[in-house]
Amino acid sequence: MSTFVVVGGDAAGMSAASKAKRDDPDLDVVVFEKGEWVSYGACGLPYYVKGEIQSLDDLVSVTPEEFREERDVDLRTGHEVVDVDPESRVVTAQSDDGELRQEYDHLLVATGAEAVTPSIEGMDREGVYTLGSMSDGRDLREYVGRARSDEDLQQPDRGPACQFLETCNGPVGIVGGGYIGVEMAEAIAANGFEVHLFQRGDRILKEFSEATSEAVLDHLRDEDVAVYLGEEVEGLAGRDRVEAVVTGDGRVPVEMVLVGTGVRPRTDLAEDAGIELGETGAIATDAYRETNVPDVYAAGDCAEAEHVVTGEPAHVPLALTANRHGRAVGKTVAGEPTEGGRVAGTAAVKAFEMEAARTGVLDHERAREAGFEPMTETIDAKSRAGYYPEGGTVRVTLTVDRPSGRVLGGSLASEYGEGAVHRSHALVGAVTEGVAVDELSNYDLAYAPPFNTTWDPVLTAAKVVDGKR
Ligand code: FAD
C-alpha cells in the first residue's frame with residue numbers, strides 16, 4: 001500500500017488528503033497538523049472578532065472526527081513535523097506523546113504562511129495582537145467583545161465611534177492598511193472602539209488600484225476611522241501593556257494594537273529538507289506543484305504558482321489557490337496527474353459598507369518588467385438602471401497593454417451589495433484568457449435594471465479605455 005503524508009491540516013492539506021483518499025481508497029493518507037484545528041476558514045476570523053459569527057466552530061468546514069471516521073484519513077492533530085528526510089522518505093513529528101517517524105511515498109508540504117512580526121520596538125507588549133490563527137481570533141474576540149465594567153462606561157466620550165453605542169471603549173491602533181487591517185478596522189469599530197489605522201505607504205490596499213484605495217480610504221474616514229498615511233510606526237510604547245503607537249510624527253494613545261503587516265510563507269521545514277525556494281521566498285514548484293525533490297509537493301500559502309499575466313512565479317497567499325492546488329495534488333497522488341492552474345491574484349475585501357475587488361497586474365512597473373506598455377483608466381458608473389430605486393456607484397479601473405489592448409488587470413469598488421466583487425469575475429476571465437479590451441467591451445454580460453445598466457460598468461470601462469488607446 002502506498003502512503004501519502006501531508007504536513008499541515010488546513011485548506012491545501014485537507015483538500016489534498018480528502019481528494020487523494022476519495023480517488024484512491026487504497027491509499028494510506030496521513031495528515032500531521034501541529035494545532036488543534038483543521039479545515040478552518042481563517043478568512044472568517046474578522047467576522048468572528050466582529051461578533052457576526054458566534055462560534056469558532058462555525059468556521060470549521062469538516063471536523064477532525066469527520067475526516068477520521070467518514071473520510072478514512074489518518075489525521076494526527078497536535079503533531080508538529082520537525083524533520084523531512086527525502087533520502088529515506090521519512091518525516092519526524094513531535095507531539096505531547098513524544099517523537100514519531102512516518103514513512104511516505106508521496107509528501108505534501110502545506111504549511112501555510114504566518115503573520116509577519118515587524119521589527120518595531122514593543123511588539124512583545126501585552127495588548128499587541130496579530131491575526132493569523134484561530135487562537136489569535138479567539139484572543140481578539142475575547143478582548144474586543146468583553147463586557148465593560150460600570151467604571152469603564154462612566155469614562156467620558158472618547159470619540160465619534162462611541163456616539164451611538166452603549167459601551168465606549170478606548171482607542172485601538174491597527175498597524176498596516178492591507179486587507180486584514182481594513183477588515184479588522186470594521187470588526188473592531190463595530191464593538192465600540194475608536195480605530196486608528198497606520199499605513200507606512202501613501203495609500204491603503206496597495207494591491208488594488210489607486211482609485212479603489214482612494215474610494216475605500218474616503219469611506220473609512222466617513223466611518224470615523226482615523227487613517228494615518230505615510231506614517232511609519234516606530235514603536236509600541238507602554239510599561240508592560242501597550243499604551244501608545246509611536247510614529248515619526250508623535251504618539252497616539254491606544255489600549256490595544258492589531259498588527260497586520262502581511263504574511264510570510266512558512267518554509268523552514270522545506271528548506272531544511274533541501275527543497276528549493278523561488279524568488280518570491282515561497283517554495284518553488286512546477287505546474288503539478290511538485291518541488292525539486294521527487295514526489296514532494298508544496299501547495300497553498302507556502303508555495304509559488306505561475307501568474308496568468310506575467311508567466312512568472314508569484315506568491316498569492318489566498319484561500320481558493322490553496323484549495324485548488326491541494327485538490328490537484330490529491331488527484332495527482334491518486335494517479336491522475338493534474339495541474340493546479342495559474343493564479344491571477346484575484347482578491348476581495350469588505351470595508352464597512354463598501355466592497356472592493358482586484359485581479360491581474362495593476363502596477364505599471366511590474367507590467368513593464370513583464371514586457372507590456374501599460375495604461376490605466378478609471379470610470380465611475382451607476383450600479384443599477386437610473387430609474388431603479390436605490391443603487392450606487394461602481395468605480396472600475398482597467399489596466400491594459402496599450403499596443404495590443406490586452407487586459408492586464410482590473411480593480412473595482414462599490415457600496416456593499418452593489419456588485420464590485422461579482423463584476424470582477426468578468427475581468428478575471430479577460431485577464432486569464434489574455435483578452436483584448438475591445439473584445440471585453442463586447443462581452444455579452446447579463447442585464448436587468450435591479451442589477452446594472454444596459455452597458456454594465458465593466459463594459460463602459462472597457463469602451464472608455466479602448467477609445468483612449
Ligand atoms: P494555512 O491555512 O496557513 O494552514 C497551514 C497549516 O499548517 C496550519 O494549520 C499550521 O498549523 C500547519 N502547520 C504548519 N507547519 C506545520 C508543521 N511543521 N507540522 C504540522 N503542521 C504544520 N483568503 C482569501 O482568499 N480570502 C479572504 O477573505 C481571506 N481572509 C483571511 C483573513 C485572515 C484573518 C487570514 C489569517 C487569512 C485570510 N485569507 C483569506 C487567507 C487564507 O486563509 C489562506 O490563503 C489559506 O488558509 C491558506 O491555506 P493553507 O492550507 O495553504 O495554509
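Numbering of ligands and ligand atoms starts at 1, following listing order. Counting from 1, the numbers follow the sequence of the chain as shown.
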Original post:
Is W37 in contact with ligand 1, taking contact as a heavy-atom separation below 4.0 Å?
Top reply: no
Original post:
Using the ring of each side chain (for Trp, its six-membered ring), is Y297 parallel, tilted or perpendicular to H106, with breaks at 30° and 60°?
Top reply: tilted
Original post:
Hey, is CD on E65 packed in by over 12 heavy atoms from elsewhere, all under 6.0 Å?
Top reply: yes
**OP:** Identify, by atom number and element, the atoms of ligand 1 in contact range of P317, meaning under 4.0 Å from any of its heavy atoms.
**Re:** 41 (C), 45 (O)
Original post:
Are E114 and ligand 1 in contact, using a heavy-atom cut-off of under 4.0 Å?
Top reply: no
Original post:
How does A113 reach ligand 1, if at all, at less than 4.0 Å between non-hydrogen atoms: by side chain, backbone, both, or neither?
Top reply: backbone
Original post:
Can you tell me which residue and heavy atom of the protein come closest to atom 38 (C) of ligand 1, and the distance to 0.1 Å?
Top reply: Y179 OH, 3.3 Å
Original post:
Just which atoms of ligand 1 are under 4.0 Å from any heavy atom in G112?
Top reply: 1 (P), 3 (O), 5 (C), 52 (O), 53 (O)
Original post:
Nearest protein heavy-atom contact for atom 40 (C) of ligand 1: which residue, which atom, what distance?
Top reply: C43 SG, 3.1 Å
**OP:** Heavy-atom contacts with G300 under 4.0 Å: which atoms of ligand 1 show up? List them by number with element.
**Re:** 52 (O)
Original post:
Any ion pair linking R141 and D139 (charged N to carboxylate O, less than 4.0 Å)?
Top reply: no
**OP:** Kindly indicate whether the side chain of D72, heavy atoms from C-beta on, has any atom under 4.5 Å from the side chain of F67.
**Re:** no
Original post:
Of the listed options (L45, I180, D136), which comes nearest to atom 35 (C) of ligand 1 when hydrogens are ignored and any heavy atom counts?
Top reply: I180
Original post:
In terms of residue, atom name and distance, what is the protein heavy atom nearest to atom 21 (N) of ligand 1?
Top reply: K34 N, 3.0 Å
Subject >> Check: E304/T280 side-chain N/O donor and acceptor closer than 3.5 Å >> reply: yes
Original post:
Side chains of S383 and S414: do they bring a donor and an acceptor to under 3.5 Å?
Top reply: no
Original post:
Among protein heavy atoms, which lies nearest atom 46 (C) of ligand 1, and at what distance?
Top reply: D301 OD2, 3.8 Å
Original post:
So do H219 and Y416 actually touch side chain to side chain, heavy atoms under 4.5 Å?
Top reply: no
Original post:
Distance only, no hydrogens: is a donor on one side chain within 3.5 Å (strictly under) of an acceptor on the other, for Y143 and E255?
Top reply: yes
Subject >> Parallel, tilted or perpendicular: ring planes of H425 versus H422, cut at 30 and 60 degrees >> reply: perpendicular
Original post:
Nearest to atom 7 (O) of ligand 1, what protein heavy atom do you find, and at what distance?
Top reply: G8 CA, 3.2 Å
Original post:
At a 4.0 Å threshold, what atoms of ligand 1 neighbour a non-hydrogen atom of A322?
Top reply: 48 (C), 49 (O), 52 (O)
**OP:** Taking only heavy atoms of V7 into account, list the atoms of ligand 1 that are under 4.0 Å away from them.
**Re:** 17 (C), 19 (N), 20 (C)
**OP:** With atom 14 (C) of ligand 1 as the reference point, say which of V38, V84, T111, D83 has the nearest heavy atom.
**Re:** T111
Original post:
Considering only the protein, which heavy-atom contact is closest to atom 18 (N) of ligand 1, and what is its distance?
Top reply: V81 O, 3.0 Å
**OP:** Could you check which of L269, L131, V109, D268 puts a non-hydrogen atom nearest to atom 36 (C) of ligand 1?
**Re:** L131
Original post:
Is there a donor in the side chain of T399 and an acceptor in the side chain of T376, or the other way round, less than 3.5 Å apart?
Top reply: yes
**OP:** Report the part of A110 in contact with ligand 1, treating N, CA, C, O as backbone and CB onward as side chain, heavy atoms under 4.0 Å; options are side chain, backbone, both, neither.
**Re:** backbone
**OP:** Would you tell me whether T397 and S411 have side-chain atoms, one donor and one acceptor, within less than 3.5 Å of each other?
**Re:** no
Original post:
In the protein, what heavy atom is nearest to atom 4 (O) of ligand 1, and what distance, to one decimal place, separates them?
Top reply: D10 CB, 3.2 Å
Original post:
Take atom CZ in R200; do more than 12 heavy atoms of anything else shown fall under 6.0 Å from it?
Top reply: no
Original post:
Do the side-chain N and O atoms of T393 and D380 include a donor-acceptor pair separated by under 3.5 angstrom?
Top reply: no
Original post:
Which heavy atom of the protein is the closest neighbour of atom 12 (C) of ligand 1, given with residue, atom name and distance?
Top reply: E33 OE1, 3.2 Å
Original post:
Does any N or O atom in A11 lie less than 3.5 angstrom from one in ligand 1, N or O only?
Top reply: yes
**OP:** Would you mind running through ligand 1 and noting each atom that sits below 4.0 Å from a heavy atom of Y40?
**Re:** 4 (O), 8 (C), 9 (O)
